[in-house]
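Residue numbers count from 1 along this sequence. Read the numbers this way: they start at 1 and go in the same order the structure lists the ligands and their atoms.
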Amino acid sequence: MALTGLEIYKQLPKKNCGECGTPTCLAFAMALASGKGSLDACPYVTDEAREALDSASAPPIKAIKFGNGSVLGDETVLFRHDKTFYHPTTLLIEIADTLSDEEVQGKLQEIEGLEFDRVGLHYTIDGVAVIEASGSPEQFAKVVAQVAAGTERSLLLLSDNADALKAALPGVAGRKPLIGSATEANYEAVVNLAKEHNVPVIIKADGLDALAALVENAQKLGYKEFVLDPGARTPSQTLANLTHCRRLAIKKKFRPFGYPVIAFTSKTEPLAEITEASVYVAKYASAIVLKASAKAHILPLMALRQNLYTDPQKPIQVEPILHTVGEVNENSPIYITTNFSLTYYSVEGEVEASKIPSYILPIDTDGTSVLTAYAAGKFEPEKIADILAKSGVGDKVNHRNLIIPGYVAVISGKLQEISGWKVIVGPRESSGIVSFTRAM
Ligand code: B12
(Lines give C-alpha, C1' and ligand atoms only; values in the text may rest on other atoms or scores of the structure.)
Protein backbone atom coordinates (compact mmCIF):
# COMPACT_ATOMS: atom_id res chain seq x y z
CA MET A 1 0.00 0.00 0.00
CA ALA A 2 1.45 3.40 -0.97
CA LEU A 3 2.17 5.90 1.82
CA THR A 4 0.00 8.98 2.24
CA GLY A 5 1.51 12.47 2.13
CA LEU A 6 1.04 12.85 5.90
CA GLU A 7 2.80 9.55 6.63
CA ILE A 8 5.75 10.72 4.54
CA TYR A 9 5.67 14.19 6.12
CA LYS A 10 6.18 12.64 9.58
CA GLN A 11 9.55 11.30 8.43
CA LEU A 12 10.80 14.58 6.88
CA PRO A 13 13.02 17.13 8.74
CA LYS A 14 10.26 19.82 8.66
CA LYS A 15 12.75 22.66 8.06
CA ASN A 16 10.73 24.14 5.19
CA CYS A 17 14.07 25.20 3.66
CA GLY A 18 12.82 24.92 0.11
CA GLU A 19 16.13 23.40 -1.07
CA CYS A 20 14.27 20.48 -2.64
CA GLY A 21 12.57 22.93 -5.00
CA THR A 22 9.23 22.75 -3.16
CA PRO A 23 8.36 25.59 -0.74
CA THR A 24 7.40 23.42 2.29
CA CYS A 25 8.10 19.93 3.61
CA LEU A 26 4.36 19.20 3.49
CA ALA A 27 4.15 20.13 -0.20
CA PHE A 28 7.26 17.98 -0.82
CA ALA A 29 5.62 15.05 1.02
CA MET A 30 2.46 15.43 -1.09
CA ALA A 31 4.57 15.45 -4.27
CA LEU A 32 6.36 12.26 -3.14
CA ALA A 33 3.05 10.58 -2.32
CA SER A 34 1.77 11.24 -5.82
CA GLY A 35 4.99 9.88 -7.34
CA LYS A 36 6.07 13.30 -8.64
CA GLY A 37 9.33 13.69 -6.74
CA SER A 38 12.33 11.85 -5.39
CA LEU A 39 13.41 11.68 -1.76
CA ASP A 40 16.97 12.35 -2.98
CA ALA A 41 15.97 15.99 -3.52
CA CYS A 42 15.91 16.54 0.27
CA PRO A 43 19.47 17.20 1.55
CA TYR A 44 18.48 16.81 5.23
CA VAL A 45 16.57 13.53 5.32
CA THR A 46 18.10 11.18 7.92
CA ASP A 47 19.31 7.67 7.11
CA GLU A 48 16.66 6.18 9.43
CA ALA A 49 13.89 8.13 7.70
CA ARG A 50 15.23 7.11 4.29
CA GLU A 51 15.29 3.44 5.32
CA ALA A 52 11.73 3.67 6.72
CA LEU A 53 10.40 5.47 3.65
CA ASP A 54 12.23 3.23 1.18
CA SER A 55 10.93 0.02 2.68
CA ALA A 56 7.40 1.38 3.21
CA SER A 57 7.17 2.70 -0.33
CA ALA A 58 8.80 -0.38 -1.94
CA PRO A 59 6.51 -2.26 -4.34
CA PRO A 60 4.79 -5.29 -2.73
CA ILE A 61 6.77 -7.67 -4.95
CA LYS A 62 10.24 -6.58 -6.04
CA ALA A 63 11.06 -6.58 -9.76
CA ILE A 64 13.93 -8.97 -10.43
CA LYS A 65 15.64 -8.67 -13.82
CA PHE A 66 17.95 -11.23 -15.34
CA GLY A 67 19.23 -12.62 -18.62
CA ASN A 68 17.92 -11.46 -21.93
CA GLY A 69 15.18 -9.07 -20.78
CA SER A 70 13.45 -11.40 -18.30
CA VAL A 71 11.57 -9.50 -15.58
CA LEU A 72 10.04 -11.35 -12.64
CA GLY A 73 7.61 -10.01 -10.05
CA ASP A 74 6.56 -6.36 -9.76
CA GLU A 75 2.93 -7.46 -9.54
CA THR A 76 0.46 -5.44 -7.52
CA VAL A 77 -2.84 -7.35 -7.52
CA LEU A 78 -4.18 -10.78 -6.65
CA PHE A 79 -6.75 -10.88 -9.42
CA ARG A 80 -6.19 -9.66 -12.95
CA HIS A 81 -9.55 -7.87 -13.08
CA ASP A 82 -8.46 -5.73 -10.08
CA LYS A 83 -6.04 -3.98 -12.48
CA THR A 84 -3.78 -6.12 -14.63
CA PHE A 85 -0.84 -8.51 -14.38
CA TYR A 86 2.36 -6.97 -15.69
CA HIS A 87 5.16 -9.46 -16.25
CA PRO A 88 4.22 -12.70 -18.01
CA THR A 89 5.50 -15.83 -16.28
CA THR A 90 9.04 -16.51 -17.51
CA LEU A 91 9.15 -20.02 -18.98
CA LEU A 92 12.44 -21.91 -18.80
CA ILE A 93 13.16 -25.35 -20.20
CA GLU A 94 15.56 -27.56 -18.31
CA ILE A 95 18.70 -29.20 -19.61
CA ALA A 96 20.51 -31.59 -17.24
CA ASP A 97 24.29 -31.56 -17.18
CA THR A 98 24.24 -35.36 -17.45
CA LEU A 99 23.21 -35.17 -21.14
CA SER A 100 25.82 -35.82 -23.82
CA ASP A 101 27.08 -32.92 -25.97
CA GLU A 102 24.87 -34.10 -28.84
CA GLU A 103 21.81 -34.37 -26.59
CA VAL A 104 22.41 -30.86 -25.25
CA GLN A 105 22.76 -29.57 -28.82
CA GLY A 106 19.55 -31.36 -29.87
CA LYS A 107 17.62 -29.94 -26.92
CA LEU A 108 18.92 -26.44 -27.66
CA GLN A 109 17.83 -26.76 -31.28
CA GLU A 110 14.36 -27.78 -30.16
CA ILE A 111 14.21 -24.82 -27.74
CA GLU A 112 15.37 -22.37 -30.41
CA GLY A 113 12.56 -23.63 -32.65
CA LEU A 114 9.89 -22.65 -30.14
CA GLU A 115 8.63 -19.53 -31.90
CA PHE A 116 4.96 -18.71 -32.31
CA ASP A 117 2.83 -16.01 -33.88
CA ARG A 118 -0.54 -15.48 -32.26
CA VAL A 119 -3.01 -12.62 -32.70
CA GLY A 120 -0.30 -10.58 -34.37
CA LEU A 121 2.30 -11.05 -31.64
CA HIS A 122 5.50 -13.05 -31.87
CA TYR A 123 6.63 -14.99 -28.86
CA THR A 124 9.35 -17.46 -27.90
CA ILE A 125 10.49 -19.47 -24.91
CA ASP A 126 12.24 -17.19 -22.40
CA GLY A 127 15.13 -19.21 -21.14
CA VAL A 128 17.04 -22.37 -20.39
CA ALA A 129 17.62 -23.83 -16.92
CA VAL A 130 20.84 -25.83 -16.69
CA ILE A 131 20.40 -28.35 -13.90
CA GLU A 132 23.40 -29.81 -12.13
CA ALA A 133 22.67 -33.53 -11.73
CA SER A 134 26.16 -34.87 -12.38
CA GLY A 135 27.63 -34.10 -8.97
CA SER A 136 30.63 -32.63 -10.79
CA PRO A 137 31.31 -28.85 -10.76
CA GLU A 138 33.53 -29.22 -13.86
CA GLN A 139 30.82 -31.04 -15.82
CA PHE A 140 28.23 -28.45 -14.76
CA ALA A 141 30.51 -25.57 -15.85
CA LYS A 142 31.14 -27.29 -19.18
CA VAL A 143 27.44 -27.77 -19.96
CA VAL A 144 26.61 -24.22 -18.80
CA ALA A 145 29.26 -22.91 -21.23
CA GLN A 146 27.87 -25.09 -24.04
CA VAL A 147 24.31 -23.88 -23.42
CA ALA A 148 25.41 -20.24 -23.19
CA ALA A 149 27.21 -20.59 -26.52
CA GLY A 150 24.16 -22.18 -28.12
CA THR A 151 21.43 -19.76 -27.10
CA GLU A 152 20.86 -16.05 -26.50
CA ARG A 153 17.98 -16.79 -24.15
CA SER A 154 18.03 -16.09 -20.41
CA LEU A 155 19.91 -18.62 -18.28
CA LEU A 156 19.18 -20.22 -14.92
CA LEU A 157 22.06 -22.10 -13.27
CA LEU A 158 20.67 -24.56 -10.78
CA SER A 159 22.58 -26.54 -8.19
CA ASP A 160 22.47 -26.85 -4.41
CA ASN A 161 26.24 -27.19 -4.48
CA ALA A 162 27.95 -23.80 -4.08
CA ASP A 163 31.13 -25.19 -5.66
CA ALA A 164 29.28 -26.09 -8.85
CA LEU A 165 27.84 -22.57 -9.05
CA LYS A 166 31.29 -21.10 -8.36
CA ALA A 167 32.73 -23.15 -11.20
CA ALA A 168 30.03 -22.26 -13.74
CA LEU A 169 29.03 -18.68 -12.98
CA PRO A 170 32.18 -16.63 -13.76
CA GLY A 171 32.18 -17.73 -17.43
CA VAL A 172 28.61 -16.55 -18.01
CA ALA A 173 28.22 -13.77 -15.42
CA GLY A 174 28.08 -11.20 -18.25
CA ARG A 175 24.79 -12.82 -19.32
CA LYS A 176 23.38 -12.02 -15.87
CA PRO A 177 21.89 -15.45 -15.22
CA LEU A 178 19.58 -16.28 -12.34
CA ILE A 179 21.39 -18.71 -10.02
CA GLY A 180 20.22 -21.07 -7.35
CA SER A 181 19.63 -22.37 -4.96
CA ALA A 182 20.68 -20.78 -1.69
CA THR A 183 19.53 -23.15 1.06
CA GLU A 184 19.85 -23.23 4.85
CA ALA A 185 23.07 -25.23 4.36
CA ASN A 186 24.84 -23.04 1.80
CA TYR A 187 23.15 -19.62 1.73
CA GLU A 188 26.12 -17.56 2.84
CA ALA A 189 28.35 -18.92 0.07
CA VAL A 190 25.66 -18.77 -2.63
CA VAL A 191 24.23 -15.34 -1.76
CA ASN A 192 27.74 -13.89 -1.51
CA LEU A 193 28.57 -15.42 -4.90
CA ALA A 194 25.45 -13.81 -6.40
CA LYS A 195 26.35 -10.50 -4.77
CA GLU A 196 29.92 -10.66 -6.09
CA HIS A 197 28.68 -11.18 -9.67
CA ASN A 198 25.59 -8.99 -9.33
CA VAL A 199 23.14 -11.70 -10.37
CA PRO A 200 19.81 -12.63 -8.77
CA VAL A 201 19.62 -15.76 -6.63
CA ILE A 202 16.93 -18.28 -5.70
CA ILE A 203 16.35 -18.68 -1.96
CA LYS A 204 14.99 -22.17 -1.33
CA ALA A 205 13.61 -23.64 1.89
CA ASP A 206 11.21 -26.39 2.85
CA GLY A 207 7.93 -24.65 3.61
CA LEU A 208 6.91 -21.04 4.15
CA ASP A 209 8.07 -20.57 7.76
CA ALA A 210 11.56 -21.81 6.94
CA LEU A 211 11.58 -19.70 3.77
CA ALA A 212 10.68 -16.47 5.61
CA ALA A 213 13.44 -17.12 8.16
CA LEU A 214 16.00 -17.89 5.45
CA VAL A 215 15.09 -14.75 3.45
CA GLU A 216 15.60 -12.63 6.57
CA ASN A 217 19.00 -14.21 7.21
CA ALA A 218 20.01 -13.84 3.55
CA GLN A 219 18.99 -10.16 3.57
CA LYS A 220 21.41 -9.59 6.43
CA LEU A 221 24.22 -10.32 3.94
CA GLY A 222 23.33 -6.98 2.32
CA TYR A 223 21.70 -8.36 -0.82
CA LYS A 224 18.08 -8.37 -1.95
CA GLU A 225 18.03 -9.70 -5.53
CA PHE A 226 15.99 -12.74 -4.56
CA VAL A 227 13.59 -15.19 -6.19
CA LEU A 228 11.77 -17.52 -3.79
CA ASP A 229 11.37 -21.29 -3.96
CA PRO A 230 9.13 -22.63 -1.17
CA GLY A 231 10.41 -26.13 -1.85
CA ALA A 232 7.24 -28.14 -2.57
CA ARG A 233 7.27 -30.39 -5.63
CA THR A 234 3.62 -31.50 -5.72
CA PRO A 235 0.99 -29.46 -7.63
CA SER A 236 -1.39 -28.94 -4.70
CA GLN A 237 1.30 -27.88 -2.20
CA THR A 238 3.02 -25.70 -4.82
CA LEU A 239 -0.28 -23.97 -5.62
CA ALA A 240 -0.95 -23.43 -1.91
CA ASN A 241 2.54 -21.97 -1.41
CA LEU A 242 2.32 -19.71 -4.46
CA THR A 243 -1.08 -18.40 -3.32
CA HIS A 244 0.08 -17.80 0.27
CA CYS A 245 3.21 -15.97 -0.91
CA ARG A 246 1.22 -13.69 -3.23
CA ARG A 247 -1.49 -12.98 -0.63
CA LEU A 248 1.00 -12.28 2.15
CA ALA A 249 3.10 -10.01 -0.10
CA ILE A 250 0.19 -8.00 -1.47
CA LYS A 251 -2.47 -8.02 1.23
CA LYS A 252 -0.22 -8.04 4.31
CA LYS A 253 2.91 -6.47 2.86
CA PHE A 254 4.89 -9.26 4.53
CA ARG A 255 8.36 -8.15 3.44
CA PRO A 256 10.16 -11.54 3.42
CA PHE A 257 7.74 -12.62 0.67
CA GLY A 258 8.08 -9.38 -1.31
CA TYR A 259 9.96 -11.25 -4.03
CA PRO A 260 8.89 -13.20 -7.13
CA VAL A 261 8.37 -16.95 -6.74
CA ILE A 262 9.65 -19.71 -9.03
CA ALA A 263 7.88 -23.06 -9.53
CA PHE A 264 9.17 -26.41 -10.74
CA THR A 265 6.87 -28.92 -12.40
CA SER A 266 6.71 -32.42 -10.96
CA LYS A 267 4.86 -34.33 -13.70
CA THR A 268 6.90 -36.01 -16.41
CA GLU A 269 4.15 -36.91 -18.92
CA PRO A 270 4.04 -33.77 -21.13
CA LEU A 271 0.29 -33.13 -21.13
CA ALA A 272 0.08 -33.60 -17.36
CA GLU A 273 3.09 -31.33 -16.99
CA ILE A 274 1.54 -28.59 -19.13
CA THR A 275 -1.70 -28.84 -17.13
CA GLU A 276 0.35 -28.47 -13.95
CA ALA A 277 2.28 -25.52 -15.40
CA SER A 278 -1.01 -23.87 -16.46
CA VAL A 279 -2.05 -23.81 -12.81
CA TYR A 280 1.20 -22.07 -11.88
CA VAL A 281 0.84 -19.54 -14.73
CA ALA A 282 -2.62 -18.66 -13.42
CA LYS A 283 -1.55 -18.52 -9.76
CA TYR A 284 1.12 -17.07 -9.23
CA ALA A 285 4.51 -18.23 -10.47
CA SER A 286 6.81 -15.55 -11.84
CA ALA A 287 8.94 -18.25 -13.45
CA ILE A 288 8.43 -21.95 -14.19
CA VAL A 289 11.03 -24.57 -15.00
CA LEU A 290 9.65 -27.13 -17.44
CA LYS A 291 10.76 -30.40 -18.96
CA ALA A 292 8.48 -30.41 -22.04
CA SER A 293 9.93 -28.76 -25.12
CA ALA A 294 7.74 -29.90 -28.03
CA LYS A 295 5.90 -27.14 -29.89
CA ALA A 296 2.51 -28.82 -29.50
CA HIS A 297 2.93 -28.87 -25.72
CA ILE A 298 4.33 -25.37 -25.26
CA LEU A 299 1.89 -23.50 -27.53
CA PRO A 300 -1.23 -23.92 -25.33
CA LEU A 301 0.74 -22.82 -22.27
CA MET A 302 1.93 -19.71 -24.08
CA ALA A 303 -1.59 -18.93 -25.33
CA LEU A 304 -2.92 -19.16 -21.77
CA ARG A 305 -0.11 -16.94 -20.53
CA GLN A 306 -0.73 -14.39 -23.26
CA ASN A 307 -4.44 -14.27 -22.43
CA LEU A 308 -3.86 -13.86 -18.69
CA TYR A 309 -1.22 -11.20 -19.09
CA THR A 310 -3.20 -9.03 -21.50
CA ASP A 311 -4.47 -5.89 -19.80
CA PRO A 312 -8.25 -6.51 -19.62
CA GLN A 313 -8.86 -2.84 -20.28
CA LYS A 314 -6.64 -2.83 -23.37
CA PRO A 315 -7.41 -5.87 -25.51
CA ILE A 316 -4.77 -6.65 -28.12
CA GLN A 317 -5.69 -4.68 -31.23
CA VAL A 318 -4.66 -4.33 -34.87
CA GLU A 319 -4.28 -0.98 -36.59
CA PRO A 320 -7.69 0.08 -37.89
CA ILE A 321 -6.46 0.72 -41.44
CA LEU A 322 -7.12 -0.98 -44.74
CA HIS A 323 -5.21 -4.30 -44.72
CA THR A 324 -4.42 -6.43 -47.76
CA VAL A 325 -4.12 -10.19 -48.03
CA GLY A 326 -2.16 -11.34 -51.10
CA GLU A 327 -1.63 -9.38 -54.34
CA VAL A 328 -4.86 -7.38 -54.36
CA ASN A 329 -6.42 -6.09 -57.60
CA GLU A 330 -9.52 -4.18 -58.68
CA ASN A 331 -11.71 -7.28 -58.30
CA SER A 332 -10.60 -8.09 -54.77
CA PRO A 333 -13.39 -8.61 -52.24
CA ILE A 334 -13.63 -6.33 -49.19
CA TYR A 335 -14.29 -7.77 -45.74
CA ILE A 336 -15.43 -5.60 -42.84
CA THR A 337 -14.52 -6.70 -39.32
CA THR A 338 -13.36 -5.22 -35.98
CA ASN A 339 -9.87 -4.29 -34.76
CA PHE A 340 -9.91 -6.84 -31.88
CA SER A 341 -6.83 -8.95 -32.70
CA LEU A 342 -8.57 -12.23 -31.96
CA THR A 343 -11.39 -11.31 -34.34
CA TYR A 344 -9.15 -9.81 -37.02
CA TYR A 345 -6.70 -12.72 -37.19
CA SER A 346 -9.53 -15.29 -37.17
CA VAL A 347 -10.81 -13.57 -40.29
CA GLU A 348 -7.42 -12.92 -41.88
CA GLY A 349 -6.41 -16.60 -41.57
CA GLU A 350 -9.54 -17.75 -43.37
CA VAL A 351 -9.30 -15.05 -46.04
CA GLU A 352 -5.73 -16.19 -46.68
CA ALA A 353 -6.96 -19.80 -46.90
CA SER A 354 -9.51 -18.75 -49.54
CA LYS A 355 -6.50 -17.93 -51.79
CA ILE A 356 -8.35 -14.89 -53.16
CA PRO A 357 -6.34 -11.65 -52.76
CA SER A 358 -8.60 -9.48 -50.59
CA TYR A 359 -8.98 -6.28 -48.59
CA ILE A 360 -9.90 -6.37 -44.91
CA LEU A 361 -11.07 -3.18 -43.22
CA PRO A 362 -11.06 -3.49 -39.41
CA ILE A 363 -13.28 -0.86 -37.79
CA ASP A 364 -11.87 0.72 -34.62
CA THR A 365 -14.12 -0.78 -31.94
CA ASP A 366 -11.61 -0.29 -29.08
CA GLY A 367 -10.48 -3.86 -29.65
CA THR A 368 -13.82 -5.56 -29.05
CA SER A 369 -15.40 -8.54 -30.82
CA VAL A 370 -18.12 -8.16 -33.43
CA LEU A 371 -21.12 -8.66 -31.14
CA THR A 372 -19.55 -6.89 -28.15
CA ALA A 373 -18.89 -3.89 -30.41
CA TYR A 374 -22.37 -4.03 -31.90
CA ALA A 375 -24.00 -4.23 -28.46
CA ALA A 376 -21.89 -1.29 -27.27
CA GLY A 377 -22.78 0.89 -30.28
CA LYS A 378 -19.25 0.73 -31.72
CA PHE A 379 -20.11 -1.12 -34.94
CA GLU A 380 -22.82 1.16 -36.29
CA PRO A 381 -23.70 1.56 -40.00
CA GLU A 382 -22.95 5.32 -39.92
CA LYS A 383 -19.47 4.72 -38.48
CA ILE A 384 -18.67 1.88 -40.90
CA ALA A 385 -19.83 3.94 -43.91
CA ASP A 386 -17.69 6.88 -42.80
CA ILE A 387 -14.55 4.74 -42.29
CA LEU A 388 -15.18 2.97 -45.59
CA ALA A 389 -15.32 6.30 -47.44
CA LYS A 390 -12.17 7.59 -45.71
CA SER A 391 -10.23 4.36 -46.37
CA GLY A 392 -10.10 5.12 -50.12
CA VAL A 393 -10.78 1.48 -50.98
CA GLY A 394 -13.49 2.63 -53.37
CA ASP A 395 -10.72 4.00 -55.66
CA LYS A 396 -8.84 0.71 -55.60
CA VAL A 397 -11.66 -1.62 -56.76
CA ASN A 398 -14.05 -1.62 -59.70
CA HIS A 399 -17.00 -2.96 -57.72
CA ARG A 400 -19.17 -1.76 -54.82
CA ASN A 401 -19.58 -4.94 -52.76
CA LEU A 402 -18.90 -5.26 -49.04
CA ILE A 403 -18.88 -8.45 -46.95
CA ILE A 404 -19.94 -8.04 -43.34
CA PRO A 405 -19.94 -10.58 -40.48
CA GLY A 406 -23.00 -12.80 -40.35
CA TYR A 407 -23.56 -11.92 -36.69
CA VAL A 408 -24.45 -8.34 -37.62
CA ALA A 409 -26.74 -9.15 -40.55
CA VAL A 410 -29.19 -6.78 -38.90
CA ILE A 411 -27.15 -3.71 -39.97
CA SER A 412 -26.97 -4.69 -43.64
CA GLY A 413 -30.00 -2.67 -44.87
CA LYS A 414 -29.02 0.57 -43.17
CA LEU A 415 -25.35 0.21 -44.11
CA GLN A 416 -26.31 -0.33 -47.76
CA GLU A 417 -28.55 2.72 -47.69
CA ILE A 418 -26.00 5.05 -46.07
CA SER A 419 -22.87 3.87 -47.89
CA GLY A 420 -24.33 3.26 -51.33
CA TRP A 421 -22.43 -0.06 -51.42
CA LYS A 422 -24.05 -3.45 -51.87
CA VAL A 423 -23.80 -5.22 -48.52
CA ILE A 424 -23.34 -8.99 -48.63
CA VAL A 425 -23.90 -10.82 -45.35
CA GLY A 426 -21.09 -13.30 -44.84
CA PRO A 427 -21.09 -16.40 -42.65
CA ARG A 428 -21.33 -16.05 -38.88
CA GLU A 429 -18.08 -17.83 -38.14
CA SER A 430 -14.87 -17.04 -39.97
CA SER A 431 -14.45 -20.78 -40.56
CA GLY A 432 -17.26 -20.43 -43.12
CA ILE A 433 -15.35 -17.90 -45.24
CA VAL A 434 -13.56 -20.39 -47.53
CA SER A 435 -16.75 -22.22 -48.57
CA PHE A 436 -18.57 -18.87 -48.75
CA THR A 437 -16.03 -17.54 -51.29
CA ARG A 438 -16.33 -20.73 -53.35
CA ALA A 439 -20.10 -20.26 -53.53
CA MET A 440 -19.83 -16.57 -54.50
CO1 B12 B 1 -19.72 -9.08 -24.35
N2 B12 B 1 -21.33 -9.56 -25.21
N3 B12 B 1 -20.49 -7.39 -23.81
N4 B12 B 1 -18.01 -8.73 -23.60
N5 B12 B 1 -19.20 -10.80 -24.81
C6 B12 B 1 -21.30 -10.76 -26.02
C7 B12 B 1 -20.73 -10.42 -27.40
C8 B12 B 1 -22.82 -11.21 -26.08
C9 B12 B 1 -23.16 -12.00 -27.36
C10 B12 B 1 -23.17 -12.05 -24.81
C11 B12 B 1 -24.63 -12.44 -24.77
O12 B12 B 1 -25.42 -11.68 -24.31
N13 B12 B 1 -24.98 -13.61 -25.23
C14 B12 B 1 -23.52 -9.86 -25.94
C15 B12 B 1 -23.96 -9.22 -27.27
C16 B12 B 1 -25.43 -9.46 -27.50
C17 B12 B 1 -25.88 -9.07 -28.88
O18 B12 B 1 -25.83 -7.94 -29.24
N19 B12 B 1 -26.29 -10.06 -29.63
C20 B12 B 1 -22.51 -9.03 -25.20
C21 B12 B 1 -22.80 -7.81 -24.51
C22 B12 B 1 -24.26 -7.38 -24.48
C23 B12 B 1 -21.79 -7.02 -23.92
C24 B12 B 1 -21.97 -5.67 -23.19
C25 B12 B 1 -22.78 -4.66 -23.98
C26 B12 B 1 -22.56 -5.98 -21.83
C27 B12 B 1 -22.96 -4.74 -21.02
O28 B12 B 1 -22.11 -4.02 -20.55
N29 B12 B 1 -24.25 -4.58 -20.91
C30 B12 B 1 -20.52 -5.19 -22.96
C31 B12 B 1 -20.04 -4.11 -23.95
C32 B12 B 1 -18.71 -3.53 -23.54
C33 B12 B 1 -18.43 -2.15 -24.06
O34 B12 B 1 -17.51 -2.00 -24.83
N35 B12 B 1 -19.18 -1.18 -23.62
C36 B12 B 1 -19.76 -6.46 -23.16
C37 B12 B 1 -18.48 -6.57 -22.66
C38 B12 B 1 -17.69 -7.67 -22.88
C39 B12 B 1 -16.29 -7.79 -22.29
C40 B12 B 1 -16.38 -8.41 -20.91
C41 B12 B 1 -15.53 -6.47 -22.18
C42 B12 B 1 -15.68 -8.83 -23.27
C43 B12 B 1 -15.08 -8.10 -24.48
C44 B12 B 1 -13.82 -8.70 -24.96
C45 B12 B 1 -13.51 -8.10 -26.32
O46 B12 B 1 -14.34 -8.03 -27.17
N47 B12 B 1 -12.28 -7.70 -26.49
C48 B12 B 1 -16.92 -9.56 -23.77
C49 B12 B 1 -16.90 -10.86 -24.27
C50 B12 B 1 -15.58 -11.61 -24.19
C51 B12 B 1 -18.07 -11.45 -24.82
C52 B12 B 1 -18.22 -12.88 -25.37
C53 B12 B 1 -18.24 -13.84 -24.17
C54 B12 B 1 -17.14 -13.34 -26.34
C55 B12 B 1 -16.81 -12.33 -27.46
C56 B12 B 1 -15.59 -12.78 -28.19
O57 B12 B 1 -14.48 -12.48 -27.79
N58 B12 B 1 -15.76 -13.55 -29.26
C59 B12 B 1 -19.60 -12.78 -26.08
C60 B12 B 1 -20.43 -14.08 -26.07
C61 B12 B 1 -20.01 -15.02 -27.14
O62 B12 B 1 -19.84 -14.61 -28.30
N63 B12 B 1 -19.85 -16.24 -26.77
C64 B12 B 1 -20.30 -11.67 -25.31
C65 B12 B 1 -14.64 -14.06 -30.05
C66 B12 B 1 -14.44 -13.22 -31.34
C67 B12 B 1 -13.25 -13.74 -32.12
O68 B12 B 1 -15.63 -13.37 -32.08
O69 B12 B 1 -15.55 -10.99 -32.97
O70 B12 B 1 -17.60 -12.42 -33.24
P71 B12 B 1 -16.14 -12.32 -33.15
O72 B12 B 1 -15.52 -12.89 -34.52
C73 B12 B 1 -15.97 -14.12 -35.06
C74 B12 B 1 -17.11 -13.98 -36.07
O75 B12 B 1 -17.89 -12.84 -35.87
C76 B12 B 1 -16.41 -13.97 -37.40
O77 B12 B 1 -15.13 -14.52 -37.18
C78 B12 B 1 -14.79 -14.65 -35.83
C79 B12 B 1 -14.53 -16.13 -35.54
O80 B12 B 1 -15.59 -16.91 -35.95
N81 B12 B 1 -16.16 -12.68 -38.02
C82 B12 B 1 -16.41 -12.39 -39.33
C83 B12 B 1 -15.58 -11.61 -37.48
N84 B12 B 1 -15.45 -10.63 -38.36
C85 B12 B 1 -15.95 -11.07 -39.51
C86 B12 B 1 -16.05 -10.46 -40.76
C87 B12 B 1 -16.65 -11.16 -41.79
C88 B12 B 1 -16.79 -10.48 -43.09
C89 B12 B 1 -17.12 -12.49 -41.59
C90 B12 B 1 -17.73 -13.18 -42.70
C91 B12 B 1 -17.00 -13.09 -40.35
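- Residue, atom and distance of the protein heavy atom nearest to atom 84 (N) of ligand 1 are T337 OG1, 2.7 Å.
- In this structure, atom 70 (O) of ligand 1 is in close contact with the protein, since a protein heavy atom lies within 4.0 Å of it.
- Qualifying ring-ring contact (aromatic ring centres under 6.0 Å, His included) partners for F257, counting only residues two or more places apart in sequence or in other chains: F254.
- S286 places none of its side-chain heavy atoms less than 4.5 Å from the side chain of V261.
- Neither the backbone nor the side chain of D366 has any atom closer than 4.0 Å to an atom of ligand 1 (non-hydrogen atoms only).
- Using the six-membered ring where Trp is involved, H323 and Y344 have ring planes that are tilted, between 30° and 60° apart.
- For the ligand labelled ligand 1, residue T338 lies outside the 4.0 Å heavy-atom shell.
- The aromatic rings of F226 and Y223 sit perpendicular to each other, their planes meeting at more than 60°, with 30° as the lower class boundary.
- The side chain to side chain donor-acceptor pair (under 3.5 Å) search around N401 returns none, not counting sequence neighbours.
- Every atom of ligand 1 is numbered from 1 in the order shown, and the set under 4.0 Å from a heavy atom of R428 is 74 (C), 75 (O), 76 (C).
- Looking from atom 47 (N) of ligand 1 to the surrounding protein, the closest heavy atom is G367 O, 2.9 Å.
- In the candidate list I433, T372, V408, T372 is nearest to atom 38 (C) of ligand 1, counting heavy atoms.
- Counting non-hydrogen atoms of other residues, nucleotides and ligands closer than 6.0 Å to CG of D209 gives a total of 12 or fewer.
- The nearest protein atom to atom 58 (N) of ligand 1, hydrogens excluded, is given as S369 CB, 3.8 Å; this is a heavy-atom distance.
- Using a 4.0 Å cut-off between heavy atoms, T368 contacts ligand 1 through both its backbone and its side chain.
- Atom 88 (C) of ligand 1 is flagged as protein-proximal [any protein heavy atom, distance under 4.0 Å].
- Look at E350 and you'll find every heavy atom at least 4.0 Å from all atoms of ligand 1.
- Within ligand 1, the atoms closer than 4.0 Å to a non-hydrogen atom of V370 are 69 (O), 70 (O), 71 (P), 75 (O), 83 (C), 84 (N), numbered from 1 in the order shown.
- Among all non-hydrogen protein atoms, the one lying nearest atom 33 (C) of ligand 1 is A376 CB, 3.5 Å.
- Ionic pairing of D74 and K65 is not present here: no N-O contact between side-chain nitrogen and carboxylate oxygen is shorter than 4.0 angstrom.
- The closest non-hydrogen atom to atom 57 (O) of ligand 1, taken over F340, F436, Y335, comes from F340.
- Open room surrounds CD on Q313; 12 or fewer heavy atoms of other groups in view lie less than 6.0 Å from it.
- Around the CD atom of Q109, the shell of radius 6.0 Å holds no more than 12 heavy atoms that belong to other residues, nucleotides or ligands.
- Nearest protein heavy-atom neighbour of atom 21 (C) of ligand 1: A375 CB, 4.0 Å.
- Short contacts between ligand 1 and E429, defined as distances under 4.0 Å to a heavy atom of the residue, involve ligand atoms 79 (C), 80 (O).
- Regarding atom 79 (C) of ligand 1, its nearest protein heavy-atom neighbour is S430 OG, 3.3 Å.
- Atom 67 (C) of ligand 1 has T343 OG1, 3.5 Å as its closest protein atom, hydrogens excluded (heavy atom only).
- A 6.0 Å sphere centred on NZ of K267 holds no more than 12 heavy atoms belonging to other residues, nucleotides or ligands.
- Among all non-hydrogen protein atoms, the one lying nearest atom 81 (N) of ligand 1 is V347 CG2, 3.7 Å.
- Under the 4.0 Å criterion applied to side-chain N and carboxylate O atoms, R305 and D126 are assigned as salt-bridge partners.
- Ring pair Y284/F85 is perpendicular by interplanar angle, where above 60° counts as perpendicular and below 30° as parallel.
- Residue S431 does not touch ligand 1, judged by heavy-atom distances below 4.0 Å.
- Residue I336 approaches ligand 1 through these ligand atoms, each under 4.0 Å from one of its heavy atoms: 86 (C), 87 (C), 88 (C).
- A distance-only check finds a donor-acceptor pair linking the side chain of R175 to the backbone of R153 [under 3.5 Å].
- Remark: atom 61 (C) of ligand 1 lies closer than 4.0 Å to no protein heavy atom.
- Side chain of S154 to backbone of N68: a donor-acceptor contact under 3.5 angstrom is found.
- Those atoms of ligand 1 with a heavy atom of L371 less than 4.0 angstrom away are 7 (C), 9 (C), 15 (C), 19 (N).
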